[in-house]
Structure formats: structure tokens, C-alpha cells
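Heads up: the structure comes next, in C-alpha cells.
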Amino acid sequence: MSASTTKSMDEIVALCRRRGFIWQSSEVYGGINGFWDYGPLGAQLKKNLKDAWWQDVIKTPPAGPDGADLDIVPVDCTIIMNPKVWEASGHVGGFNDPMVDCAETKKRYRADHISCYGVVDEKDGRENAEPTTIGYVATLAATEEEFFTSYRENEKKFFKRLAKAFGKPVMVQLPGEGVPYTNLQGFDRKIVLGPDATEVGTLTEPREFNLMFETYVGAIRDEESKAYLRPETAQGIFTQFWNVVDTARVKIPFGMAQIGKAFRNEVTPRNFTFRSREFEQMEIEFFIRPETAGEWYQYWRDTRYAWWQSIGLAGDNLTLREHDKDELSHYAKEGAGVCDVEYRFPFTAPGYGELEGIAHRSDFDLKAHATACGKGDKLMYRDPVTNEKFFPHVIEPSAGADRGTLAVLCEAFTPTPDRAGSKYVMKFVPRLAPIKAAIFPLVNKDGMPEIADKLYRQLRNKYTIQTDAKQSIGKRYARMDEAGTPYCFTIDGDTATDQTVTVRDRDTAEQTRISLDKVESFLAEKIGD
RNA sequence: GCGGGUGUAGCUCAGUGGUAGAGCGUCACGUUGCCAACGUGAAUGUCGUGGGUUCAAAUCCCAUCACCCGCUCCA
């Protein structure tokens with residue numbers, strides 16, 4: 001069992017609050033479910049993560065499978081778009097799932113997943129070709145055959161339950177198609193026996209769960225002005241694909257990338273920031289020739305997995321999981337594959353939670369928008385060399401910035417019960433650490449504060465540096481341990497005479513002396529620019 | 001949305017109807033000679049919120065909000 005499974009999420013959340021990494025949004029008003037703010041340390045940490053992504057994805061991505069450099073261009077699209085975007089992408093249909101609750105069993109179902117089969121009085125059913133339906137039995141079975149098989153296994157019990165629920169011996173109207181619960185009207189919904197229920201009529205009316213946030217553009221609030229907050233940043237990229245081809249001097253294969261907020265009105269936000277209703281995505285859409293999907297899918301899967309390792313999630317807590325065919329999205333059924341980079345969070349352990357999904361989305365989105373906007377095949381990509389026309393396929397690595405930040409926080413969190421000072425150390429890789437180094441005068445007199453201040457001013461142009469002269473040195477080290485600051489430089493009584501300072505290492509608490517004028521090069525070596 | 005639990009200072013918690021508390025932390029001053037040191041002092045509370053019962057509510061009742069756990073959901 002890995003170390004992270006023994007970490008306490010409560011302690012991590014407490015440290016995040018105490019040190020100013022993450023707070024509840026609008027906390028003074030009692031908060032708001034599913035929304036989180038980043039404090040000073042958290043905002044810097046998340047920015048460092050996004051900067052690392054921007055650097056490694058847009059500026060210097062590793063060479064492609066053919067050894068050539070990649071061309072990836074950034075865009076920054078709006079959160080509110082023409083609502084037709086979301087009709088074409090399938091979100092208006094797909095994100096509105098009517099739900100049904102069962103008052104008896106306390107279970108919740110998607111209304112369109114429940115099939116209802118008519119039930120008739122046994123006597124009536126024997127005597128008449130078209131007997132009167134006296135109720136329905138609901139099942140989660142997808143097909144009539146599956147339903148038939150499921151109750152055949154214990155037929156006696158099944159009909160006993162029905163007889164009890166309907167107050168008389170009954171027959172089920174088979175063969176015949178099951179009717180989705182959503183298609184039942186009015187009174188019929190009151191005579192349905194829910195799955196696993198013993199009483200009739202315990203299912204509620206279907207209720208719409210709008211997973212997209214709605215808003216209105218302009219002064220008038222009517223259907224015409226309705227718009228949505230984007231549930232993913234990807235569609236902005238797809239809708240600007242043609243402008244990028246026309247202006248950015250790119251040719252297939254190339255990528256578009258953006259970082260931005262997205263919104264999903266989740267049914268149950270849970271697990272700290274893991275499932276937030278407002279969150280930030282770091283998305284790449286990499287456009288390719290269809291026949292190269294396999295090699296590019298592999299490239300991105302390996303590249304993205306290695307990237308998460310490079311920012312500190314290097315141990316057993318990180319995993320790469322290929323999706324089974326049956327859990328694939330509508331756009332990815334026939335593709336090179338879909339996989340998730342997953343992290344074992346304390347609240348998912350021993351399981352994992354998704355950080356990034358890498359999917360071969362085929363040409364679903366470009367085709368959908370080309371069709372929906374009415375231009376169709378005129379919007380096909382033309383290969384400038386062969387003049388061949390086609391809709392490019394897409395490999396989409398889509399990462400969660402907030403989930404990534406949370407994973408980094410969880411991974412860095414290290415209780416240190418044996419250490420003399422700090423109870424906790426946040427072991428961020430230096431590249432992500434919100435504060436790169438701290439500078440302390442050992443005591444607040446004898447010229448030490450002046451030397452510390454001079455060193456601080458020298459370094460702060462290049463690095464995020466803090467200085468602190470208050471309270472005991474142990475307390476100051478401990479605070480920096482919880483902030484995850486990799487190095488502390490301390491000016492002591494010897495500094496004025498021999499021009500050296502001590503360097504304290506966050507992870508070992510060990511100290512070494514280095515020359516005052518070597519501090520900057522020390523940081524450059526350990527932290528990078 | 002359902003069921004269960006929780007909510008008092010920044011944190012951990014005590015307080016069963018009668019003056020709002022402790023420890024830690026924070027801040028100031030003093031001290032200091034490398035790991036949450038010490039001394040003195042200070043600030044900090046809509047007792048989650050709203051309503052009700054009562055002469056009197058942190059305490060009893062109702063509603064509501066937030067968080068945690070379990071369902072459910074997560075194209």
C-alpha cells in the first residue's frame with residue numbers, strides 16, 4: 001500500500017486552509033457548494049502548474065513520432081458562445097439527463113434508462129387478446145431479452161412480488177418493447193413498480209438535471225437569449241479551427257491549446273476541489289490525418305503521462321488506464337483509444353481519480369460543426385501538398401488544472417512526526433513550489449536583518465522569495481515547510497565576517513554553508529530559471 | 001435529490017436553560033545564537049443562518065445553509 005493511502009484528507013484540507021492554499025468560495029456567507037477559491041500560496045501553485053503546462057505543451061513539446069518538432073498554437077476562447085455550438089456538440093441533449101428517485105428504495109435512476117413493461121390482470125390476459133394494462137413493472141435491463149432472462153432466474157419470486165404489489169396475480173406483457181419511463185404520461189407514472197420496490201407508485205416525476213449552467217445574453221430573458229457557460233473548453237478550439245488554419249501558417253499535423261474555466265452543474269460536488277462546478281481545464285486538440293491516429297494517440301498518451309511524472313507525481317499513485325470499449329463516449333467508439341491519467345487521491349484510494357483524459361475524438365466535432373453551420377464539406381481541410389480534402393481527426397489530451405493542483409498538494413503532503421520542528425512538510429518539486437526560497441536573519445539584530453534584506457532584494461526579481469525576521473528560527477522554518485519552500489538561507493553571526501550563509505534543505509532539514517555570493521547560482525542550479 | 005453525521009475564536013475542543021471559555025496559533029514589545037523556545041501584553045465570537053418556545057436559548061423546537069460518510073450522478 002502506498003504512502004498516500006495513509007494520508008488524511010482532513011489534515012490536507014486543514015493545512016490548505018491554514019496556510020492559504022485553498023478556501024471555500026464566499027466562505028463568510030456560509031460558502032457555496034462546489035466552488036473554491038485559491039489563497040496566496042494556492043494561486044501561485046496553480047499558476048506554476050499552468051505555466052509548466054504552457055511551457056511543456058506550447059513552447060517546447062517533445063518531438064513527435066516522426067522526430068519532427070510539434071506545432072502547437074494557443075488560443076483563448078470565450079466562456080459564453082453561440083448556443084448552437086452546444087447543440088452541434090451534443091451537449092444540449094447529452095447534458096440534460098432527467099432523473100427519477102424512488103421514494104421507497106431511495107435509489108436514483110436516469111429516467112431514460114428505466115424501461116417499463118405493461119402488467120395485466122392474469123385472468124384478463126388469458127381471456128382477451130388486448131387486455132387492459134393495470135400497471136407497469138420498471139427494469140434497468142436494456143433489452144427485453146435481458147429483462148426476460150433476469151426474472152426467469154427466479155420467476156416465482158418475481159411474480160410473487162408483482163402479485164403483492166398489484167394486489168392480484170398478474171402477467172407481464174411480453175413479448176413487446178419496454179417503454180422508457182420518460183415516455184409514460186400522467187397517470188401511467190403513478191402505477192409503476194420501481195426496480196427493487198415492493199409498492200407501486202414510488203417513483204417521482206422525472207426531474208431535469210441541467211449539467212450546463214444557463215444564462216441570458218442581453219436585457220431580455222427569453223428562450224431566444226438563452227446561452228450556456230461552456231462545460232468544456234474544447235469547443236472553442238474546434239469552432240476556431242478554420243481561422244487558425246487560415247492565419248497561423250500551420251498544417252496538419254498541428255495542435256491548438258488553451259487554458260480556461262469550464263462549468264458543470266454537478267449533481268454532487270464532492271471531495272474538496274476534485275469535483276467542482278467551476279473548474280479550469282488545460283486542453284490540447286491535436287489535428288492529424290486519420291490514418292496516423294494510432295501513433296499520435298500513443299505519442300500523447302506517453303507524453304502526458306511522463307509530464308505528470310515530471311511535476312512530482314512519479315510514484316505508484318500515478319497510473320495510466322485504457323478505457324474499456326463499453327465506457328467510451330459517443331465520439332470515440334471507433335477510434336485509436338481513450339485513456340485516463342489517474343492519481344490515487346486519499347479519498348479515492350485504493351482506487352484512482354482522473355487528472356487527464358486522452359481521447360481519439362475522430363472527426364466528430366469538426367464534422368458536427370461543419371454540418372450544423374450549413375457549410376458542410378466546404379469546410380474540409382485541404383492538404384497543401386497533395387490537395388487532398390478531408391476532415392482531420394483529433395487526439396485530445398484534456399487535463400484538469402484544479403485536479404492537478406489537488407494531486408500535487410496530496411502528493412507533496414508529508415506528515416513528519418519524527419521531525420523536531422514541523423509537523424508537516426509540503427514536498428513540491430521546486431518548479432511548482434509557490435515560494436522558491438526564504439531568507440532569514442537568525443536573530444533580528446547585529447546587522448543580520450540588513451544583510452538579509454539586501455539578499456532578498458537581489459533575488460526577488462528572479463524568484464518568488466520571502467523574508468521573515470519575526471519569532472524563533474524554528475517557527476520560521478516550520479512555516480516554510482508547510483508552504484513547501486525548498487530552501488531557506490539564514491544569515492547568522494558569521495555572515496558579516498566570512499560572507500557565508502547556511503542553506504537549509506526542506507526535505508532533510510539538513511544545513512550546509514555556502515558563500516553569500518553563491519546563493520543565486522545555487523538557486524539557478526536547484527530551481528532553474 | 002435521498003439517508004446518516006457534524007457545525008462554539010484562525011485551529012482543536014469544553015460548555016444540558018441563567019455573565020462566552022481553555023489550549024494552541026496570530027499580533028506587539030522584550031529576549032534570542034539553528035528547528036513550532038521563553039516572558040509580558042493584546043486582538044479575535046452574528047455560538048453556521050433564520051424563525052419559534054421561554055422572564056431568559058450556544059443549550060429546547062422548526063426551517064434553512066455548509067461540510068463529512070453512504071446512495072445517486074459524473075456525455
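Every chain is numbered from 1 and lettered A, B, ... according to where its sequence line falls, protein lines coming before strand lines. Both backbone and side-chain heavy atoms feed into the values below; hydrogens, waters and symmetry mates do not.
Partners of A:Glu285 according to the salt bridge (Lys or Arg N to Asp or Glu O under 4.0 Å) rule, which considers only residues two or more places apart in sequence or in another chain, do not exist here. Residues meeting the ring-ring contact (aromatic ring centres under 6.0 Å, His included) test with A:Phe347, sequence neighbours left out: A:Phe274, A:Phe345. Under the salt bridge (Lys or Arg N to Asp or Glu O under 4.0 Å) criterion, A:Arg504 pairs with A:Asp481, not counting sequence neighbours. Taking A:Arg275 as the reference, nothing meets the side-chain hydrogen bond (donor to acceptor under 3.5 Å, both in side chains) condition, with sequence neighbours excluded. Scored by the salt bridge (Lys or Arg N to Asp or Glu O under 4.0 Å) test, A:Lys436 finds no partners at all (sequence neighbours excluded). Partners of A:Phe489 under the ring-ring contact (aromatic ring centres under 6.0 Å, His included) rule, at least two apart in sequence or in another chain, are A:Phe522. Scanning for ring-ring contact (aromatic ring centres under 6.0 Å, His included) contacts around A:Trp36 gives A:Phe272, with sequence neighbours left out.
Within the structure, a side-chain polar atom (N or O) of A:Arg479 is placed less than 4.0 Å from OP1 or OP2 of B:U26. Residue A:Asn33 places at least one side-chain N or O under 4.0 Å from the OP1 or OP2 atom of B:C67. Within the structure, a side-chain polar atom (N or O) of A:Lys470 is placed less than 4.0 Å from OP1 or OP2 of B:A28.
Within the 4.0 angstrom heavy-atom criterion, no nucleotide atom of any strand lies near A:Gly20. A:Arg19 comes within 4.0 angstrom of a nucleotide base, judged by non-hydrogen atoms across all strands.
Counting distance only, with no hydrogens placed and no angle test, the side-chain atoms of A:Glu266 and the base atoms of B:C73 include no donor-acceptor pair under 3.5 Å.
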When the side chains of residues 490-497 of chain A are checked against the rest of the protein, which donor-acceptor pairs come out under 3.5 Å, sequence neighbours left out?
{"from": "A:Thr490", "atom 1": "OG1", "to": "A:Tyr477", "atom 2": "OH", "distance (Å)": "2.7"}
{"from": "A:Asp492", "atom 1": "OD1", "to": "A:Asp494", "atom 2": "N", "distance (Å)": "3.0"}
{"from": "A:Asp492", "atom 1": "OD1", "to": "A:Thr495", "atom 2": "N", "distance (Å)": "3.4"}
{"from": "A:Asp492", "atom 1": "OD1", "to": "A:Thr495", "atom 2": "OG1", "distance (Å)": "3.3"}
{"from": "A:Asp492", "atom 1": "OD1", "to": "A:Arg513", "atom 2": "NH2", "distance (Å)": "3.0"}
{"from": "A:Asp492", "atom 1": "OD2", "to": "A:Arg513", "atom 2": "NH1", "distance (Å)": "3.0"}
{"from": "A:Asp492", "atom 1": "OD2", "to": "A:Arg513", "atom 2": "NH2", "distance (Å)": "3.4"}
{"from": "A:Thr495", "atom 1": "OG1", "to": "A:Asp492", "atom 2": "N", "distance (Å)": "2.9"}
{"from": "A:Thr495", "atom 1": "OG1", "to": "A:Asp492", "atom 2": "O", "distance (Å)": "3.2"}
{"from": "A:Thr495", "atom 1": "OG1", "to": "A:Thr500", "atom 2": "O", "distance (Å)": "2.9"}
{"from": "A:Thr497", "atom 1": "OG1", "to": "A:Asp494", "atom 2": "O", "distance (Å)": "2.9"}

So which protein N/O to nucleotides 37-48 of chain B N/O distances come out below 3.5 Å?
{"from": "B:A37", "atom 1": "OP2", "to": "A:Ser472", "atom 2": "OG", "distance (Å)": "2.5"}

Find every protein N or O atom lying less than 3.5 Å from an N or O atom of nucleotides 7-12 of chain B, and list the pairs.
{"from": "B:C11", "atom 1": "OP1", "to": "A:Arg17", "atom 2": "NH2", "distance (Å)": "2.6"}

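Remark: A:Lys445, A:Asp446, A:Met448 in residues 445-453 of chain A come within less than 4.0 Å of RNA chain B through at least one heavy atom.
Among pairs with a residue in residues 404-424 of chain A, those fulfilling ring-ring contact (aromatic ring centres under 6.0 Å, His included) read A:Phe413-A:Tyr424, at least two apart in sequence or across chains.
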